[in-house]
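Here's the structure, in structure tokens; my notes come after.
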Amino acid sequence: MGWAIALHGGAGDIPKDLPPERRKPREATLRRCLEIGVAALKAHKSALDVVELVVRELENCPHFNAGRGSVLTTDGTVEMEASIMDGKTKNCGAVSGLTTVVNAISLARLVMEKTPHIYLAFDGAEAFAREQGVETVDSSHFITPENIERLKQAREANRVQIDYTQPIKKAPKIAPVPEGDQIGTVGCVAIDTQGNLATATSTGGLVNKMVGRIGDTPIIGTGTYANHLCAVSATGKGESIIRATVGRDVAALMEYKGLSLEDAAAYVVEEGAPKGTVGLVAVSATGEVTMPYNTTGMFRACATEAGHTELGIWSSESNE
Ligand code: ASP
């Protein structure tokens with residue numbers, strides 16, 4: 001048993017020939033965030049504190065699609081969303097439609113802890129952020145030149161997508177929404193030295209998404225879910241993850257069918273959602289960790305007190 005942690009930086013159609021200048025900074029960030037999480041767990045921080053801490057770090061990194069680095073809506077704006085859940089109490093908090101909040105995940109935690117509600121969005125969420133005095137900045141802070149270019153190309157191709165590992169290739173006039181082309185969201189799950197489970201997920205959503213679109217990330221039971229048995233953070237095509245109720249289904253298979261975490265997560269990823277649409281990281285109350293995906297890859301990392309450490313993007317590479 002003991003502590004365990006897993007984190008992701010998005011699942012999708014990640015080309016195996018991803019250039020080093022796009023791969024290495026992301027791997028370095030995953031490694032650094034894993035180290036931060038492990039150190040916090042070793043220092044007996046709660047799982048809730050650890051997942052928030054790690055996701056804040058990932059939000060602050062422009063290489064991932066959350067916080068700074070969030071992808072843009074059809075109007076060229078950012079609308080960030082996040083949620084967090086405590087497995088023991090099932091307390092949870094979620095936010096959507098943020099345009100100025102530096103760390104959406106911390107606002108989600110404040111919704112959980114300081115309001116009678118679970119989910120605040122758009123103007124109400126922004127007003128709550130101001131009331132709570134969390135750090136806010138001008139929206140332009142979140143908009144990177146890469147994301148302006150991605151939006152331009154997605155508009156030209158008339159498609160909605162997440163793809164920030166490579167420049168989007170010019171597509172024929174009206175291209176279908178590519179099924180496996182989503183990556184970017186960040187998430188973290190952990191079990192602490194007291195046996196408490198928690199999960200946190202944060203995203204900018206999809207490139208060229210409609211203004212007002214809400215994905216799976218802030219919807220408890222889909223992109224984010226934790227209870228006394230497991231903690232799950234999913235990534236991929238939000239609409240598919242919502243239809244498959246990914247997070248809750250993993251927990252339900254464990255609860256009602258007695259499946260192990262690994263079997264439950266593998267079943268949901270393989271049978272629950274269309275191929276090319278989902279990946280997840282999860283930990284269980286018994287210290288199991290699993291990171292399955294049905295896309296070509298997922299930026300991911302994990303570590304356990306028992307000594308297992310892994311960092312990877314595709315299936316065949318880098319276990320350390
Ligand atoms: N699931 C996110 C969304 O659809 C995107 C992602 O995971 O990269 O908003």
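Just follow the structure's listing: the first ligand is 1, and inside any ligand the first atom is 1.
- Checked by distance only, ligand 1 and Glu239 stay at 3.5 Å or farther apart across all their nitrogen or oxygen atoms.
- For the pair Asp216 and ligand 1, the shortest N or O to N or O distance falls below 3.5 Å.
- Short contacts between ligand 1 and Thr235, defined as distances under 4.0 Å to a heavy atom of the residue, involve ligand atoms 6 (C), 7 (O), 8 (O).
- Ligand 1 has a nitrogen or oxygen under 3.5 angstrom from a nitrogen or oxygen of Gly238.
- No heavy atom of Gly10 sits closer than 4.0 Å to any atom of ligand 1.
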Under the side-chain contact (heavy atoms from CB on, under 4.5 Å) rule, what do Ile105 and Arg56 come out as? Steps first, then yes or no, please.
CA-CA 7 Å; Ile105 198 64; Arg56 281 177 66 98; 3.7 Å; yes
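- Between Arg248 and Glu255 a salt bridge is recorded (basic side-chain N to carboxylate O distance below 4.0 Å).
- The residues Glu239 and Arg213 are annotated as salt-bridged, a charged nitrogen and a carboxylate oxygen being separated by less than 4.0 angstrom.
- Classification of Arg32 and Glu57 as a salt-bridged pair holds, one side-chain N sitting under 4.0 Å from a carboxylate O.
- Salt bridge present: Glu27 and Arg23 bring a charged side-chain N and a carboxylate O closer than 4.0 Å.
- Distances below 4.0 Å separate heavy atoms of Gly205 from the following atoms of ligand 1: 9 (O).
- Residue Gly236 has at least one nitrogen or oxygen atom sitting less than 3.5 Å from a nitrogen or oxygen atom of ligand 1, judged on distance alone.
- Note: an N/O pair closer than 3.5 Å links Thr185 and ligand 1 by distance alone.
- If you number the atoms of ligand 1 from 1 as listed, the ones under 4.0 Å from a heavy atom of Gly184 come out as 8 (O).
- A salt bridge is defined here as a Lys NZ or Arg NE, NH1 or NH2 lying under 4.0 Å from an Asp or Glu carboxylate O, and Arg109 with Asp49 meets this definition.
- Which of Met298, Arg213, Glu79 comes nearest to atom 4 (O) of ligand 1 through a heavy atom is settled by distance: it is Arg213.
- Of the possible polar contacts, one joining the Ser260 side chain to the Asp263 backbone as a donor-acceptor pair under 3.5 Å is found.
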